[in-house]
Structure formats: C-alpha cells, structure tokens
Amino acid sequence: MLRRRGANAEVEFGQVKPLREGKPIDGEVVSLRARKEVPFIYDVRTVLADPRADDGDRLTSDGPPQVATEAYRKGWEAIWGPDEPRRLPPGKPN
C-alpha cells in the first residue's frame with residue numbers, strides 16, 4: 001500500500017496484513033475505511049502505533065529482552081569470575 005499521513009507528508013510504502021490471534025504484531029494496527037467515490041482508496045486511522053517507531057524511545061534491538069537477574073549474574077560469575085579489575089600479584093613486574 002501507499003500512504004500519506006497528511007497533505008504535506010511524504011508518501012510511505014507499507015504492507016497490509018490481517019491480525020491473527022496469538023501472532024505477534026509487526027508494525028502499526030490500522031483501520032481502513034473505503035471511500036464511496038473511489039472504492040480502491042481508503043481512509044486510514046492508526047489504532048495502535050508501532051512500538052518500534054523512531055520517536056526517541058527506540059528499543060535497543062529486535063532481539064529478545066536483555067534480562068540480568070541475580071541468578072544470571074551468579075551463573076556469569078561462576079563461569080567468568082567476578083567483574084573486578086584484574087591485577088598482577090604484588091612483587092611482579094608490569
């Protein structure tokens with residue numbers, strides 16, 4: 001589909017897909033209403049904005065959330081050691 005959000009806005013290209021229960025939403029949720037005078041042109045109303053839109057509150061990635069629970073930290077330290085600066089033992093030259 002082609003969409004223009006206002007008289008002076010740029011034309012955007014998009015894809016319209018039906019919502020499916022239990023499936024993730026990819027993008028905005030919109031409502032389409034056909035115009036009587038031109039049935040292949042629709043008025044579009046945004047019902048739910050795209051949560052990944054670039055409005056300053058952008059997500060860090062499209063991957064899974066990064067969760068650092070206490071159990072995760074303990075596991076990390078068990079494998080890699082505590083997050084402390086590594087130092088040479090006393091009396092050893094640099």
Side-chain angles (χ1 to χ4, degrees):
M1 75 178 235
L2 296 175
R3 180 180 184 186
R4 190 166 74 180
R5 296 177 189 259
N8 297 326
E10 294 183 17
V11 175
E12 302 171 348
F13 174 76
Q15 181 180 21
V16 179
K17 298 186 280 187
L19 291 175
R20 302 260 190 244
E21 186 173 345
K23 299 289 182 180
I25 296 172
D26 184 28
E28 307 182 277
V29 176
V30 297
S31 168
L32 303 174
R33 189 180 72 205
R35 294 185 180 184
K36 290 180 182 179
E37 64 276 6
V38 188
F40 55 86
I41 295 181
Y42 293 82
D43 290 320
V44 179
R45 183 175 62 90
T46 300
V47 177
L48 180 66
D50 184 353
R52 296 176 299 169
D54 194 16
D55 59 0
D57 292 334
R58 189 171 79 65
L59 301 174
T60 58
S61 71
D62 286 337
Q66 296 179 355
V67 180
T69 62
E70 192 59 36
Y72 174 89
R73 289 186 190 103
K74 286 180 182 177
W76 178 273
E77 289 177 359
I79 295 170
W80 304 106
D83 191 20
E84 297 174 357
R86 292 192 167 77
R87 298 178 190 175
L88 293 174
K92 298 274 182 173
N94 289 339

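The figures here come from the full heavy-atom set of this structure, side chains too, leaving out hydrogens, waters and symmetry mates.
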Interatomic distance, Tyr42 atom OH to Arg33 atom CZ [nearest 0.5 angstrom] | 12.5 Å

Distance-minimising heavy-atom pair for Arg4 and Val11 = CD-CG2, 4.2 Å

Decide whether Leu19 and Val47 are clustered together by the hydrophobic rule: side chain heavy atoms of Ile, Leu, Val, Met, Phe, Trp, Tyr closer than 4.5 Å, transitively.
-> yes

In one Ile/Leu/Val/Met/Phe/Trp/Tyr side-chain cluster, 4.5 Å: Val29, Val16 = no

Should we say atom CD of Glu37 is surrounded by more than 12 heavy atoms from elsewhere, each under 6.0 Å from it?
-> yes

Kindly say whether Ala68 contributes a backbone atom to a donor-acceptor pair with the side chain of Arg73 at under 3.5 angstrom?
-> yes

Where is the tightest heavy-atom contact between Ala34 and Pro39, given as atom of each residue plus distance?
-> CB-O, 4.0 Å

Decide whether Ile41 and Leu32 are clustered together by the hydrophobic rule: side chain heavy atoms of Ile, Leu, Val, Met, Phe, Trp, Tyr closer than 4.5 Å, transitively.
-> no

Which is it for Glu12 and Arg5 under the side chain to side chain contact (heavy atoms under 4.5 Å, CB included) test, yes or no, and what are the steps along the way?
-> CA-CA 8 Å; Glu12 302 171 348; Arg5 296 177 189 259; 3.0 Å; yes

Can you find a heavy atom in the side chain of Glu28 that is under 4.5 Å from one in the side chain of Arg3?
-> yes

